[in-house]
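The next block holds one structure in the form of structure tokens; read it before the comments.
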Amino acid sequence: IQLSKQYSKALEQIDENLKYWPNYLVHKCKQRATKMTQYLIRMRKLSLAARPKLVGVHKKVEKRERNREAKALRAANIDQAIEKELLERLRSGTYGDIYNFPMQQ
């Protein structure tokens, strides 16, 4: 038997067509119809909701990139320290008059 799309009419059809069956079987059929109706409602709601697209993460590549960035930061810190040290020496006059940069005060 094809049940109606309306939930209340479907329950009435189950009552009508199974009126000579034992009550517990009628109840089980109604429960099954209820479960299917709820499933369809849930599926309809989930299909309407926009879900974010999941993207896989390559752990090995991510780790490699993280290590490269850390190494580049360490190298940049060393370069900055060397530059700072050379500028400090230049300001203090260690090199004398070899370089004719204007002294900034």
Side-chain angles (χ1 to χ4, degrees):
I1 299 170
Q2 178 121 11
L3 295 176
S4 173
K5 298 244 184 221
Q6 289 183 349
Y7 179 68
S8 56
K9 283 187 181 177
L11 291 182
E12 288 174 12
Q13 283 178 332
I14 290 172
D15 274 336
E16 192 178 306
N17 290 311
L18 300 179
K19 61 183 160 190
Y20 300 112
W21 288 50
N23 283 339
Y24 77 95
L25 284 177
V26 174
H27 183 64
K28 281 175 73 171
C29 288
K30 285 183 179 181
Q31 280 184 325
R32 187 174 291 136
T34 303
K35 188 182 291 187
M36 287 190 286
T37 306
Q38 289 172 347
Y39 168 77
L40 291 173
I41 291 170
R42 197 165 51 246
M43 288 302 293
R44 202 173 302 126
K45 191 192 316 180
L46 283 175
S47 68
L48 291 176
R51 288 180 287 176
K53 188 175 194 297
L54 299 178
V55 179
V57 176
H58 300 288
K59 290 183 180 179
K60 196 172 185 179
V61 174
E62 291 289 324
K63 185 177 180 183
R64 188 182 317 136
E65 291 297 322
R66 236 186 358 257
N67 288 341
R68 283 182 183 168
E69 288 173 8
K71 192 173 180 181
L73 284 174
R74 285 194 303 268
N77 285 341
I78 290 173
D79 288 346
Q80 288 174 353
I82 291 172
E83 184 179 352
K84 187 187 281 186
E85 178 68 26
L86 289 174
L87 285 173
E88 190 61 39
R89 285 183 186 181
L90 185 65
R91 284 193 193 107
S92 66
T94 306
Y95 301 115
D97 291 334
I98 297 174
Y99 301 104
N100 55 0
F101 289 118
M103 297 301 258
Q104 295 175 354
Q105 301 283 348

What pair of heavy atoms forms the shortest contact from Q2 to Q13, and how long is it? O-OE1, 3.9 Å

Rounding to 0.5 Å, atoms NZ (K63) and CZ (R66) come to a distance of 7.5 Å

Using a strict threshold of under 4.0 Å (side-chain N to carboxylate O), is an ion pair present between R89 and E85? yes

Take atom CG of N67 as the centre, draw a 6.0 Å sphere, and report whether it contains more than 12 heavy atoms from other residues, nucleotides or ligands. yes

Is there a path of hydrophobic side-chain contacts, each under 4.5 Å between heavy atoms of I, L, V, M, F, W or Y residues, that connects Y24 with V26? yes

Verdict with supporting geometry, N77 and Q80, side chain to side chain contact (heavy atoms under 4.5 Å, CB included): CA-CA 5 Å; N77 285 341; Q80 288 174 353; 3.8 Å; yes

If the condition is salt bridge (Lys or Arg N to Asp or Glu O under 4.0 Å), which residues does R68 pass it with, not counting sequence neighbours? E65

Can I get a per-line list of side-chain donor-acceptor pairs under 3.5 Å for residues 28-50, giving both atom names and the distance, sequence neighbours left out?
from: K30; atom 1: NZ; to: D15; atom 2: OD1; distance (Å): 2.9
from: K30; atom 1: NZ; to: D15; atom 2: OD2; distance (Å): 3.1
from: Q31; atom 1: NE2; to: H27; atom 2: NE2; distance (Å): 3.3
from: T34; atom 1: OG1; to: Y7; atom 2: OH; distance (Å): 2.6
from: T34; atom 1: OG1; to: K30; atom 2: O; distance (Å): 2.8
from: T37; atom 1: OG1; to: A33; atom 2: O; distance (Å): 2.7
from: S47; atom 1: OG; to: M43; atom 2: O; distance (Å): 3.4
from: S47; atom 1: OG; to: R44; atom 2: O; distance (Å): 2.8

Compare every heavy atom of S4 with every heavy atom of A10, then report the nearest pair and how far apart it is. CB-O, 3.7 Å

Distance in Å, E16 CD paired with I14 CD1, rounded so as to fall on 0.5 Å steps: 11.5 Å

Shared hydrophobic cluster, I1 / L18 (ILVMFWY, side-chain heavy atoms < 4.5 Å): no

